[in-house]
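Single-structure report; data block below.
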Amino acid sequence: MNRIAPILLDWYARSGRDLPWRRTRDPYRIWLSEVILQQTRVGQGLGYYLRFTERFPDVCSLAAASEDEILKLWQGLGYYSRARNLHAAAREIVGRFGGEFPAEPDALRSLPGVGDYTAAAVASMAFGLPYAVLDGNVFRVLARLFDVEVPVDTGAGRRIFVELAQSLLDTERPGTYNQALMDFGALLCTPAQPRCGECPLAGCCLALAAGTVALRPVKQGRTKVRERWFHYLHISCEGRTLLCRREGRDIWQGLYEFPLLETEGPADFPALAARSDFRELLGDAEWRLVGTVVMPRHQLSHQTIHATVYRIETPSLSAAAAALAVDTAAVGDYAVPRLLERYLLEYDG
DNA sequence: AATGCGGGGAT
DNA sequence: ATCCCAGCATT
């Protein structure tokens, strides 16, 4: 065994967090927590985990649910493909694996939404198998301990870290070790202002010795942000509201929203009303514009959404429009993007 | 190897 | 503003 593991485990026993998914070895709950926590902080995901386990205590109940209900419970958490994959994977567990989770990473990896990280997490934490997890915390901690200069977001870098992480693993208690390493990264070896002064590994941290802690890990990735202009038509007709389900390969897939007109840049209402898709929706009806709400800019990781909501009232709907209408009171049953949720809370009661 | 996918918190 | 977070799927 290496020097690192016992120190990490000792620190974890004293300073680790008490989290609900650490109090079970049920692979369903561990899998669920891991999917919720993909690219998501513990503080943000905790409430979702509690609500999901309350509503869906086992994989069968999750498999039996509708995708819309799962998306509604997922609303606000982001990366909605996780929710759709969660549903599909639950059905595969029931249908293909007889309701029992497989233990080996290769089999887990075959489930939708389960990649290298989640497969290793479930295999080690639920089944005690010796697989090291590799997530953002592990990259950072190892890059610092060994002062690794190779960028983590490249194939070569990834291979180095896979090897390093696996070589350090405590194969006697892989699940506890993995959680200890991640907690260590989340609480002590943080991205900014790590607490090296109270770090039990300071004595063997090569980056600390070299003064490069703030430079590790090295990443080469650059993100460019696209701007988009969304114009929503909030159409009310006799207590009913028009909603559409987002399809295709775009943001918010599977969520509901008002009928949307997108433009390449800023646009005013007359320009929208002249479009064919607008006239298809409202052409013949006696509609009137009763309000315009310019939403605050909505920032996603790779997109900035400029959204405006046009409130429109009409006494009658075309057949095409009527097919999209739901009762105003039922709008709350549909999962909507945060942007629309804010609008509904702020401007619509 | 690159790209797209959310939303929130920390700095 | 920028970065990051218990990553994954697609191209």
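Below, each value reflects all heavy atoms present in this structure, side chains not excepted, and no hydrogens, waters or symmetry copies. Here the structure is a predicted model, which is why all the values come from computation and not from measurement. Throughout, a chain's letter reflects where its sequence line sits, starting with A, and its residues are numbered from 1.
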With a non-hydrogen cut-off below 4.0 angstrom, is A/R226 in contact with a base, only sugar-phosphate, or nothing?
nothing

Heavy atoms under 4.0 Å, any strand shown: does A/V114 hit a base, just sugar-phosphate, or nothing?
sugar-phosphate

Which listed nucleotide (B/dA2, B/dC5, B/dG7) is nearest to the side chain of A/Q44?
B/dG7

A/N137 side chain to A/R140 side chain, donor-acceptor N/O pair below 3.5 angstrom:
yes

Closest-nucleotide mapping onto DNA chain C: is A/S33 or A/Q299 further toward the 5' terminus? I mean the 5' end.
A/Q299

Side-chain N or O of A/K224 less than 4.0 angstrom from OP1 or OP2 on B/dA2?
no

Between A/H302 (NE2) and B/dA2 (P), how many Å, whole number?
14 Å

Would you mind classifying the nucleic acid contact of A/L19 as base, sugar-phosphate or nothing, using non-hydrogen atoms under 4.0 angstrom?
base

Taking CG from A/L300 and P from B/dG4, how many angstroms apart are they, rounded to a whole number?
13 Å

Do the side-chain N or O atoms of A/W21 get closer than 4.0 angstrom to the phosphate oxygens (OP1, OP2) of C/dA6?
no

Quiz question: going by heavy-atom distance under 3.5 Å, is there a donor-acceptor pair between the base of B/dG4 and the side chain of A/S301?
no

Between B/dG7, B/dC5, B/dT3, which nucleotide gets closest to the side-chain atoms of A/D250?
B/dC5

Touch check for A/Q303, heavy atoms < 4.0 angstrom, all strands: base, sugar-phosphate only, or nothing?
sugar-phosphate

Using a 4.0 Å heavy-atom cut-off across all strands, classify A/I36 as base, sugar-phosphate, or nothing.
nothing

Rounded to the Å, how far apart are A/Y80 OH and C/dA9 P?
19 Å

What integer number of Å spans the P atoms of C/dC8 and B/dG8?
22 Å

Base, sugar-phosphate, or nothing for A/W31, non-hydrogen atoms under 4.0 angstrom?
nothing

Rounded off to whole Å, could you give me the CG-to-C1' distance for the A/D116 and C/dC8 pair?
10 Å

Give the C-alpha distance, both sets of side-chain angles, the deciding distance and a yes or no for ring pair (Phe, Tyr, Trp, His ring centres under 6.0 Å) between A/F278 and A/W287.
CA-CA 11 Å; A/F278 182 96; A/W287 59 267; 5.3 Å; yes

Does a nitrogen or oxygen in the side chain of A/K219 sit under 4.0 Å from OP1 or OP2 of C/dT2?
no

Starting the side chain at C-beta, find the nucleotide from C/dC8, C/dC4, B/dG7 nearest to A/H298.
B/dG7

Please find the pair of heavy atoms, one from A/L272 and one from A/A267, that lie closest to each other, and give the distance.
CD2-CB, 4.4 Å

Donor-acceptor pair under 3.5 Å: do we get one between A/T118's side chain and the base of C/dG7?
no

d(CG, A/L32; P, C/dA6) in whole Å
17 Å

Determine the sole option in A/F258, A/Y310, A/Y232 for which the ring-ring contact (aromatic ring centres under 6.0 Å, His included) test with A/Y343 is passed.
A/F258

Taking C/dC5 as the reference, what is the distance to B/dC5 when you measure between their C1' atoms (whole Å, please)?
14 Å

A/T154 or A/Y79: which one's nearest nucleotide on DNA chain B is closer to the 5' end?
A/T154

Once hydrogens and angles are ignored, does a donor-acceptor distance under 3.5 Å link the base of B/dC5 to the side chain of A/R249?
no

Return the nearest nucleotide to the side chain of A/R342; candidates are B/dG8, C/dG7, C/dA9.
B/dG8

How about A/H298 and A/T304: does a side-chain donor come under 3.5 Å of a side-chain acceptor?
no

Distance in angstrom units between A/E341 CD and B/dG8 P, rounded:
8 Å

Can you tell me how far C1' in B/dG6 sits from the matching atom in C/dC3, rounded to whole Å?
15 Å

Report which part of the nucleic acid A/R41 touches: base, sugar-phosphate, or nothing (heavy-atom distance under 4.0 Å, all strands).
base

Could you check which of C/dC4, C/dA9, B/dG6 has an atom nearest any side-chain atom of A/R140?
C/dC4

Per A/T40 side chain, nearest of listed nucleotides C/dA6, C/dG7, B/dG6:
B/dG6

Base, sugar-phosphate or nothing for A/G185? Non-hydrogen atoms, less than 4.0 Å.
nothing

Could you tell me which non-hydrogen atom of A/D183 sits nearest to which non-hydrogen atom of A/G16, and how far apart they are?
OD2-CA, 3.3 Å

Between CD of A/Q39 and C1' of B/dG8 the distance, given in whole Å, is 13 Å

Identified side-chain contact (heavy atoms from CB on, under 4.5 Å) counterpart of A/Y347 within the set A/R342, A/M295, A/H234
A/M295

Out of B/dG8, C/dC8, B/dG6, which has the shortest distance to the side chain of A/R82?
B/dG6

Is there a donor and acceptor pair, one atom on the side chain of A/R158 and one on the base of B/dA1, closer than 3.5 Å?
no

Closest-nucleotide ordering on DNA chain B, the 5'-leading residue of A/A156 and A/G76
A/A156

note: A/R84, atom CZ; B/dC5, atom C1'; distance rounded to Å ~ 9 Å

Could you give me the CA-CA distance, side-chain angles and deciding distance for A/I305 and A/R297, then say whether side-chain contact (heavy atoms from CB on, under 4.5 Å) is met?
CA-CA 6 Å; A/I305 311 294; A/R297 286 194 335 212; over 6 Å; no

Using the side-chain heavy atoms of A/N85, tell me which of these nucleotides is nearest: C/dA9, B/dG4, C/dA6.
C/dA9

Options C/dA6, B/dG6, B/dT11, nucleotide nearest the side-chain atoms of A/N137:
C/dA6

From C-beta outward on A/Q220, which listed nucleotide comes closest to its side chain: C/dA6, B/dG7, B/dA2?
B/dA2

